[in-house]
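Notes follow the structure.
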Amino acid sequence: MSISLLLHPLSPHIPPASSPSASAAGNHHRRILSLAETCSDMSQLKQLHAFTLRTTYPDEPATLFLYGKILQLSSSFSNVNYAFRVFDSIENHSSFMWNTLIRACAHDVSRKEEAFLLYRKMLERGESAPDKHTFPFVLKACAYIFGLSEGKQVHCQVVKHGFSGDVYVNNGLIHFYGSCGCLDLARKVFDEMPERSLVSWNSMIDALVRVGEYDSALQLFRKMQRSFEPDGYTMQSVLSACAGLGSLSLGTWSHAFLLRNCDVDVAMDVLIMNSLIDMYCKCGSLRMAGQVFQGMQKRDLASWNAMILGFATHGRAEEALDCFDRMVKEGKNVKPNSVTFVALLIACNHRGLVNKGRQYFDTMVRDYGIEPALEHYGCIIDLVARAGYITEAIDMVMSMPMKPDAVIWRSLLDACSKKGASVELSEEIARNIIGTKEDSQSSNGNCSGAYVLLSRVYASASRWNDVGIVRKLMSDHGIRKEPGCSSIEINGISHEFFAGDTSHPQTKQIYQQLKVIDDRLRSIGYLPDRSQAPLVDATNDGSKEYSLRLHSERLAIAFGLISLPPQTPIRIFKNLRVCSDCHEVTKLISKVFNTEIIVRDRVRFHHFKDGSCSCLDYW
DNA sequence: CTAGGGTTAG
């Protein structure tokens, strides 16, 4: 029955001029309240609101209670404006009303700041004190806007008002500190809270994963299981820890654990599946990622994006592009977004597909109306420049609506040194970044960046004197080049390697094995495109490229030192950008050695979150 | 007398 019909018999009722008896008012309010429970949209709520205005006395506590309910309902229908109007029409607000409005803002993407302002106003007005419901909402808003100082103020208020023992409040604090990257503060709250719930553990694990403390996250996960059954949220963090570690064995274990132990609810299913796809891709098993993807009854945008990106980062451009076509064709209610195009551009970039890349860049703008962001520009500029179209790349840099970052300048500089652009042009480009904070912040404290590239430019022009000057500058500024690092997981054990590293106890055998691989590759007519230097050339004087580009150390281990039966999957991790030839080389090697090879690209493209940088930070 | 906590790719 619709609410208007329900209201109709009540409509003629006009409250008597004098205050009604308490019990009569009680009944009337109770009736409205039970009507409120049946409201299912704004228009019904508006009727109810009108009726309330007409038939109740505004100052009665029971009426205020009703307005609270109306506020709550309008924000549950996502009509925050209406909630504000109701709120403003009332003189004295209960803490419930403040809380409800703060919550409504905290949940509204465009009103996060307002949530904190409202909270401040609540304190200023002092008509009702914040309670245990207030803080979790405010903290959520602070977390969202990364308002560390705001959140800290809230934390003080929490203590001051005596809520530092409340689980919900503490969970809010953990989540807040976690999302601001303040791990130690999150940990302190977690350690000191008197009572923990599943959410407390989940929030803490998530905080660890966010800052890349994957090992600690998994440790905490194990500890947690003494008191709680993990749920879908837990497993998502665990999966992303496995992804971060690149540990396929742990990831597979988590997958099995998930199927065995977790009662994952249907709404979360897609999210979990997406995490699984992401994990398998980052751990190098595109096969398993594809299997999960195929098995999904429902796929959302993130599912498609994860899959496309997986193909892209593994240099499997054709499959990435096919996957995109499939998405457009069969993905119901799924529209490509800017992440999709980052993935497509990465796919083109890794295989040097210049025309396709340009085409997608145009399609994105023209057909999908997506404004290219910095990372799209980064991708396309790198692609075009590495293909030798340096002028075109520079034109693009000039036409960008935003300021190019150091990554983009380095792409150009790298291309210049490889494609024999003039030293003057290279110097011009290097001037944009050399010595800047942005450049020195590149790649996890790896400070080489532009200096390294510039010295390479001089080296290729045989201007050894200038090479020396740059070297001197570097050492004067305390800049050291850091070697690239890679690792391989064999039978659950992770082996880590650095470029030019000779500390491995079996170094000699490793390099012997490299020589074997090199010879084989040469015998079938393959030469790596980056230089004519043999793979085994791993001298450390910086004048030559490292062999690391083919991750040959790992191959050596896998093929030479540890005897593996044929068909044993070998997973190769690397921190280097995938060379455009990587896929081909991998295919060749796997043919030569009759083994499946899975390359995992640990590169986080460009400048996101962990601040790592993808490319060009090696000699 | 109301209610509340934790996710999304680069």
Side-chain angles (χ1 to χ4, degrees), chain A residues 26 29-30 33-34 36-37 61-62 64-73 75-76 94-104 106-107 131-140 143 163 166-176 178-179 193 196-207 209-210 231-237 239-240 243 267-268 270-275 277-279 281-282 300-310 312-313 337-346 349 373-376 378-379 407 601 603-610 612-614:
Chain A
H29 285 102
R30 258 198 294 280
L33 199 59
S34 65
E37 304 297 336
L64 285 177
F65 185 87
L66 272 177
Y67 284 131
K69 199 79 201 164
I70 290 167
L71 248 166
Q72 186 195 28
L73 282 167
S75 47
S76 78
S94 62
S95 59
F96 180 80
M97 291 172 184
W98 285 103
N99 293 350
T100 306
L101 207 59
I102 290 172
R103 181 164 92 114
H107 282 281
D131 61 19
K132 59 177 180 168
H133 294 286
T134 317
F135 297 109
F137 306 145
V138 188
L139 287 167
K140 193 190 170 81
F163 292 110
D166 187 87
V167 197
Y168 286 85
V169 174
N170 280 317
N171 292 347
L173 282 168
I174 295 170
H175 172 69
F176 159 70
S179 48
M193 64 199 287
R196 292 185 196 127
S197 66
L198 177 59
V199 178
S200 324
W201 289 90
N202 286 349
S203 306
M204 193 60 228
I205 292 171
D206 183 62
V209 172
R210 267 167 201 269
D231 66 357
Y233 284 103
T234 326
M235 292 318 289
Q236 276 194 83
S237 298
L239 286 171
S240 94
M268 205 156 182
V270 177
L271 253 28
I272 293 270
M273 293 294 153
N274 292 348
S275 302
I277 295 173
D278 181 58
M279 180 277 290
C281 287
K282 291 202 174 121
D300 66 3
L301 180 60
S303 326
W304 290 98
N305 283 351
M307 206 58 232
I308 296 173
L309 195 65
T313 50
N337 67 355
S338 92
V339 178
T340 317
F341 282 96
V342 171
L344 290 170
L345 291 172
I346 288 173
N349 190 324
L374 190 60
E375 48 272 35
H376 298 105
C379 246
V407 179
D601 189 355
V603 165
R604 309 272 153 88
F605 186 72
H606 284 6
H607 29 245
F608 264 78
K609 284 172 193 163
D610 62 359
S612 63
C613 158
S614 62

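Throughout, protein chains are lettered first and strands after them, A, B, ... in sequence-line order, and every chain is numbered starting at 1. Computed from a predicted structure; not experimentally measured. Just so it is clear, the values below take in all heavy atoms, side chains as well, and ignore hydrogens, waters and symmetry mates.
Judged by distance alone, with hydrogens and angles left aside, N99(A) brings a side-chain donor or acceptor within reach of the base of dA3(B), the pair sitting under 3.5 Å.
Between the C1' atom of dG10(B) and the CZ atom of F341(A) lies a distance of 15 Å, rounded to the nearest Å. As a whole-Å value, the separation of L101(A) CG from dA3(B) P is 18 Å. Taking atom CD1 on I277(A) and atom P on dG10(B), their separation rounds to 13 Å, with Å as the unit. Straight-line distance from the CD1 atom of I308(A) to the P atom of dA9(B): 15 Å, rounded to whole Å. Across the protein-nucleic acid pair, Y168(A) atom OH and dA3(B) atom P stand 11 Å apart, rounded to whole Å. Distance, H107(A) NE2 to dG4(B) C1': 9 Å, rounded to whole Å. Atom-to-atom, CH2 of W98(A) to P of dT2(B) comes out at 21 Å; the value is rounded to the nearest Å.
With dT7(B), dT2(B), dG4(B) as the choices, the nucleotide that has an atom nearest any side-chain atom of H175(A) turns out to be dT7(B). Nearest to the side-chain atoms of Q236(A) among the listed nucleotides dA9(B), dG4(B), dT7(B) stands dT7(B). Residue F65(A) has its side chain nearest to dT2(B) when only dT2(B), dT8(B), dG4(B) are considered. Checking dG4(B), dG10(B), dT7(B) against every side-chain atom of F137(A), the shortest atom distance belongs to dG4(B). The listed nucleotides are dC1(B), dA3(B), dG10(B); the one nearest the side chain of L33(A) is dC1(B). Each of dG10(B), dG4(B), dT2(B) was ranked by its minimum atom distance to the side chain of S338(A); first place goes to dG10(B). Ranking dA3(B), dG10(B), dT7(B) by closeness to the E375(A) side chain, first place goes to dG10(B). Distance from the side chain of I346(A) is smallest to dG10(B) among dG10(B), dT2(B), dG4(B). Across dT7(B), dG4(B), dA3(B), the shortest atom-to-atom separation from the side chain of L271(A) is found for dT7(B).
Within 4.0 Å (heavy atoms only), L301(A) reaches at least one base atom of the nucleic acid. Looking at heavy-atom distances under 4.0 Å, H133(A) makes contact with a base. Looking at heavy-atom distances under 4.0 Å, S197(A) makes contact with a base. Among the atoms of the strands shown, only primed sugar atoms or phosphate atoms (P, OP1, OP2) are found under 4.0 Å from some heavy atom of K140(A). Counting any heavy atom pair closer than 4.0 Å across all strands shown, V169(A) reaches no nucleic acid atom. When heavy atoms are screened at a 4.0 angstrom cut-off, R210(A) is found touching the sugar-phosphate backbone but no base atom. Base contact: N305(A) has a heavy atom under 4.0 Å from a base atom.
For the side chain to side chain contact (heavy atoms under 4.5 Å, CB included) criterion with P136(A), the lone passing option out of N170(A), D166(A), L173(A), V169(A) is V169(A).
Every residue two or more places apart in sequence or in another chain that forms a side-chain contact (heavy atoms from CB on, under 4.5 Å) with T134(A) is listed here: N99(A), I102(A), Y119(A), M122(A), P130(A), D131(A), V138(A). When the salt bridge (charged side-chain N to carboxylate O under 4.0 Å, His left out) test is applied to R196(A), no partner is found at least two apart in sequence or on another chain.
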Margin query: Does K140(A) form a side-chain contact (heavy atoms from CB on, under 4.5 Å) with R103(A)? I'd like the steps, not just the answer.
Written below: CA-CA 9 Å; K140(A) 193 190 170 81; R103(A) 181 164 92 114; over 6 Å; no
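Proximity of a side-chain donor or acceptor of S94(A) to a complementary backbone N or O of M97(A) within less than 3.5 Å is detected.
Proximity of H29(A) to the phosphate of dC1(B): no side-chain N or O atom is located under 4.0 Å from OP1 or OP2.
Annotation: side chain of L301(A) is in contact with side chain of T340(A) (closest heavy-atom distance under 4.5 Å).
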